[in-house]
Every structure is written in structure tokens, then in C-alpha cells.
Trainee: 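Input: one structure, supplied below.
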Amino acid sequence: MLATIWLLDAVLQLQPIFFARGASGFSGMLKGLTPGNPSWVAHTLTWNASIVGHDPILTNAVFALVQFLIGFGIVWRRTCKPALALSIVWALGVWWFGEGAGGILRGGASPLGGGPGAVLFYALLAVLLWPHEGSDGPFVAARALGVRTAKKVWATTWLVLAVLSVVGSGRSPQALSGFVAILDHGQPGWLAGIDRTSESLLLHDGTVVAIALASLCVAIAASVYLSTNFTRIFLVLAILTFTAIWIAVENVGGILAGGATDPNSGPLVILLALAFWPLSEQPTTPRTSMSGEPLVARLARS
Amino acid sequence: MTTSPAWLYYAFGVAMIVVAAYGVVLLTLGLVCRRPYGWDVDVAHTFMGVAMSGMFVSSWAFGPSAAWELVFAGIAAWFLVRSMRSIQRFGFHVPHEWIHAVMSVAMVLMLLFVVAPVAGRSMSMGVASTTRIEPGLTLVLAFLLLGSAVFTLASPVKGISHHASRLQFAVVSGTAQSDVADPVALSGTERVIAAPMLEDVSHVVMCFAMAFMLILMN
């Protein structure tokens with residue numbers, strides 16, 4: 001799934017708008033991240049935008065190629081670790097230079113708008129899904145880091161999301177409805193209809209929504225320390241909540257209107273939740289053919 | 001309308017021609033060696049490669065759009081029937097024919113919603129249809145295709161994009177050995193050309209190019 005999302009990002013990066021020069025192109029989008037950031041941060045963003053603006057075709061082709069290599073690299077066992085390592089470095093770079101540190105430094109990193117930066121979740125997932133030869137843990141994310149560390153990562157992530165929901169402009173109805181308004185141009189009719197509802201809800205009850213989201217995030221953070229059944233319930237809640245946010249607020253990352261570089265945080269948070277889904281406690285046996293030999297082994301021999 | 005590098009569309013166009021040509025080579029080999037499996041995928045890839053190259057580079061397009069639509073509707077129907085037969089035969093599973101049906105449906109949609117390309121300009125720049133495919137549908141299709149590319153490369157069964165179910169049937173039941181055993185042995189060169197890994201790569205390239213074209217149509 002992670003590889004598929006990286007490949008989707010590579011495809012999105014190849015859209016014509018990102019090869020264009022000027023304010024309507026990729027460099028213009030990057031420059032648009034500077035307002036509200038501290039001057040030293042804005043300086044690095046402007047520097048990056050100027051590099052992209054100097055040769056948008058070359059830089060954008062390289063950006064797409066890197067994401068393509070990460071996507072296909074993750075697929076193969078031999079290249080999986082280097083690809084995941086590259087994805088961490090790339091994600092951190094994009095988070096700073098391409099997302100303006102996710103808007104954290106300008107106080108606008110609400111999870112409703114993709115805060116603290118969708119691309120950070122790629123790095124987080126790369127760490128959690130790092131290949132490990134050891135035995136299966138109680139959930140996929142525990143394989144690489146161990147159960148206790150993985151749970152701490154989960155709890156910290158959701159507590160950060162809770163805090164970001166209510167600090168800065170995160171609880172401002174105008175700012176929250178602005179997340180929807182800024183993306184609603186060019187959306188298909190059904191999504192525009194949903195936008196109108198969510199925009200109106202956030203404009204009137206944005207603060208309540210922000211507090212409710214923060215409370216839910218705290219509960220989700222604690223859920224991995226509860227019994228398996230409670231964990232599952234809160235994971236389902238996390239998945240449903242971020243599916244709703246992804247559609248109604250993030251506008252499917254803006255992909256449907258064209259000009260998006262990634263699907264925003266929704267699918268990645270869902271993938272994160274799936275990585276913590278409690279696995280069956282029943283010992284699993286390899287699927288076998290009628291002769292009793294593992295099917296995959298027989299197919300490989302064929 | 002923003003400009004975009006022509007070389008990118010030419011690169012995708014060339015890749016599509018290569019996939020189509022490889023499909024023809026596999027078909028020929030299949031006929032010579034009387035291989036009973038995978039030919040339908042080769043036929044589909046050949047038609048898709050030729051049609052897609054015409055979408056990326058308009059000067060390479062030929063034939064009436066309606067004819068192409070009919071071809072891909074027929075191919076989609078073929079793979080859908082094969083998918084259903086596979087499910088009837090082996091129980092509920094996702095047969096590999098299913099993704100080829102999805103690809104064929106995507107081709108029909110792209111042909112339906114893209115007007116004739118402007119001569120000398122790449123198709124994507126000439127997309128000027130008054131109606132467009134539902135963007136949500138193009139995203140779902142693109143995601144399925146990219147997922148198929150990842151699944152194909154990650155699968156321990158090489159050649160899964162072309163004839164997985166046949167092999168599976170033969171292995172599981174042990175009753176269809178004639179399906180997988182080549183009546184005419186392949187020579188060394190032929191074995192390299194028809195390597196399952198190469199078959200998979202051609203499928204992956206096709207999936208990636210089609211996903212790109214679908215995203216361009218948003």
C-alpha cells in the first residue's frame with residue numbers, strides 16, 4: 001500500500017502544471033508557503049522555490065524519478081531498506097522545503113488540513129514498516145521497533161495531533177473553513193456539495209469540531225494500551241474519522257481538481273492505523289496445496 | 001493551458017510502442033510454441049500499447065475512436081467472462097484476468113472522453129472534451145492500476161500478470177498439466193524473451209502509463 005501511494009505521488013508529480021514556469025507553476029506554489037513563516041524559514045523556502053523556478057522541467061523530473069524509485073524500491077526485498085531510508089530523507093526534505101514545515105511554525109498545522117504535514121507520515125511509516133526478520137509481533141508496526149516502542153510512537157503521534165487540533169489557528173472557525181475553501185475550486189459536483197456542508201459546519205462550529213477531534217485523538221493515543229477489543233474500536237474510529245476528514249476537508253488531497261502532489265494525510269493515517277491493527281493470536285500456517293506443500297513454493301518452482 | 005515537456009509524452013509513447021511490440025513477439029512465440037495461456041493478455045497489451053501511444057503522441061494515433069472503443073469493450077467483456085469463470089471454478093478469489101478487464105474498461109473510458117488529438121501536439125495537451133470522466137473514478141482506476149503494478153512486482157510468482165490462474169489450477173488440482181506444459185520447448189533466446197519477469201515488467205509499464213494518462217484527464 002505504501003509503495004502504491006509513492007507511485008501515485010510520482011504520477012501526480014508528472015502533471016503538466018509542475019513543469020510550468022512562473023507563479024502558476026510549481027515554484028509559485030512553493031513560494032506561496034512563505035507567508036506567515038519566520039523569516040529564516042521563509043528564506044529557505046524561497047531559496048528552494050528559486051531552484052525549482054530556474055529549471056522546473058529538470059527539477060520536477062528528478063522529483064518524480066525519486067518518488068518512482070522509492071515506490072518500486074519498496075516492492076523488492078533487496079531494495080526495500082535503501083528505498084525506505086531514501087523515503088525518510090526525502091520526506092523530511094519535502095516536509096521542510098515543500099510543505100513549509102507543515103505549517104507548524106505559522107500556527108496552522110491542524111490535522112484537519114493535513115498537519116503536521118502529510119509527508120511526515122511517509123517517514124513515520126517507513127520507520128514502523130522497516131523490514132525485520134524477527135517473529136511476528138501482535139501488530140505489524142511492532143515488528144521493527146518492538147511492542148513498547150511502537151506503542152509509544154503511536155501515542156506520541158496522536159497526542160501531537162491532539163495538540164495541533166487546538167493550538168494556533170487549529171481552533172479558529174475561519175481558518176478551518178479556509179482549509180476547505182482553498183481547495184474547493186474545480187472539484188467534481190459531489191465533492192463540491194460535501195465541501196459546502198463541511199465549510200458551513202467548520203465556519204459555525206469549528207472550535208467545537210477542533211476540541212472534539214483533539215479529544216478523540218487523545219483517546220486514540222491511549223487505545224493501544226487498552227484491551228484488544230477497545231484498541232480495534234478506536235482504530236476503526238481513527239480510520240473513519242480520517243476518511244471523513246480526507247474527503248470532506250482535505251478534498252481527497254486536491255487530486256480530483258488537478259495540481260496536487262500527494263493525496264494528503266488521510267490515506268497515510270489510515271495506513272498507520274492498519275499497521276497497529278491487532279493481528280490474530282491464532283498461529284498461522286502457510287497456505288498449502290492438496291499435496292501439503294506450500295502453494296507459493298510450488299508455484300515458484302513451476 | 002500550461003505547457004509540459006513533449007519529451008515526457010514521447011517517452012511514454014515509445015514505452016507503449018515497446019510494450020505493444022513485445023506483446024506481438026510473445027503472441028508469435030506463443031503461436032510457434034503452441035502455448036495455450038497468456039495469449040489474451042498479449043493481445044490486450046498489444047492493442048493497449050498502440051492505442052495509448054496515440055494518446056500520448058497524437059501523430060501516432062490512427063483509426064476511428066469508435067473502432068478502438070469497440071475493441072476494448074470486447075476485450076473487457078472477454079476478461080470479465082474469464083474472471084467469472086475462474087471464480088466459478090476455483091471459488092472466491094481475485095483472478096488476474098480482473099485487472100486486465102479493469103484496464104480495458106479504463107481504455108474505453110479514456111477513448112470515450114478524449115476528443116481527437118490536435119495534430120502535432122501530444123494528446124494530453126489536446127484534451128478538450130466538453131465532458132470529463134468523473135475524477136473520483138479516474139483516481140480509483142489509477143490507484144488500482146498502480147496497486148496491480150506493485151502486486152505484480154512483489155508477487156513470488158513470476159509471470160503472474162499473464163497466466164497465474166492457469167498455473168494455480170495446474171498446481172492445485174494437478175489435472176491441467178497440458179495447460180502449463182509447452183508442447184514445443186523454447187530455445188535459450190526464446191526463453192529469455194518470454195521470461196515471466198519481462199512479461200510482468202511489460203504489465204507494470206502499461207499500468208504506470210495508464211495511471212498517468214488517467215491522472216492527466218482530471
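Here is how names work: the chains are called A, B, and so on, in the same order as the sequence lines, proteins then strands, and each is numbered from 1. Computed from a prediction, not measured in an experiment: that's the story for all the values here. FYI, side chains are in, hydrogens and waters are out, and symmetry mates aren't considered; it's all heavy atoms of this structure.
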Trainee: Does some side-chain heavy atom of B:F143 sit less than 4.5 Å from a side-chain heavy atom of A:I5?
Mentor: yes

Trainee: Select all residues of residues 248-265 of chain A having any heavy atom within less than 4.5 Å of some heavy atom of chain B, and report them by number, or 'none'.
Mentor: A:V252, A:I255, A:L256

Trainee: Of all the heavy-atom pairs spanning A:Q15 and B:L216, show the shortest one and how long it is.
Mentor: CA-CD2, 4.5 Å

Trainee: Mind checking the CG-CZ spacing from A:L8 to B:F212? Nearest 0.5 Å is all I need.
Mentor: 12.5 Å

Trainee: Can you tell me how far apart CG (B:L8) and CD1 (A:I57) are? Round to the nearest 0.5 Å.
Mentor: 10.0 Å

Trainee: Flag yes if more than 12 heavy atoms outside A:M1 fall under 6.0 Å of its CE atom; otherwise flag no.
Mentor: no

Trainee: Classify the ring geometry between A:F19 and B:W7 as parallel (under 30°), tilted (30 to 60°) or perpendicular (over 60°).
Mentor: perpendicular

Trainee: Hey, is CZ on A:F63 packed in by over 12 heavy atoms from elsewhere, all under 6.0 Å?
Mentor: yes

Trainee: Against chain B, label A:F18 side chain, backbone, both or neither, depending on which of its atoms sit under 4.5 Å from a heavy atom there.
Mentor: neither

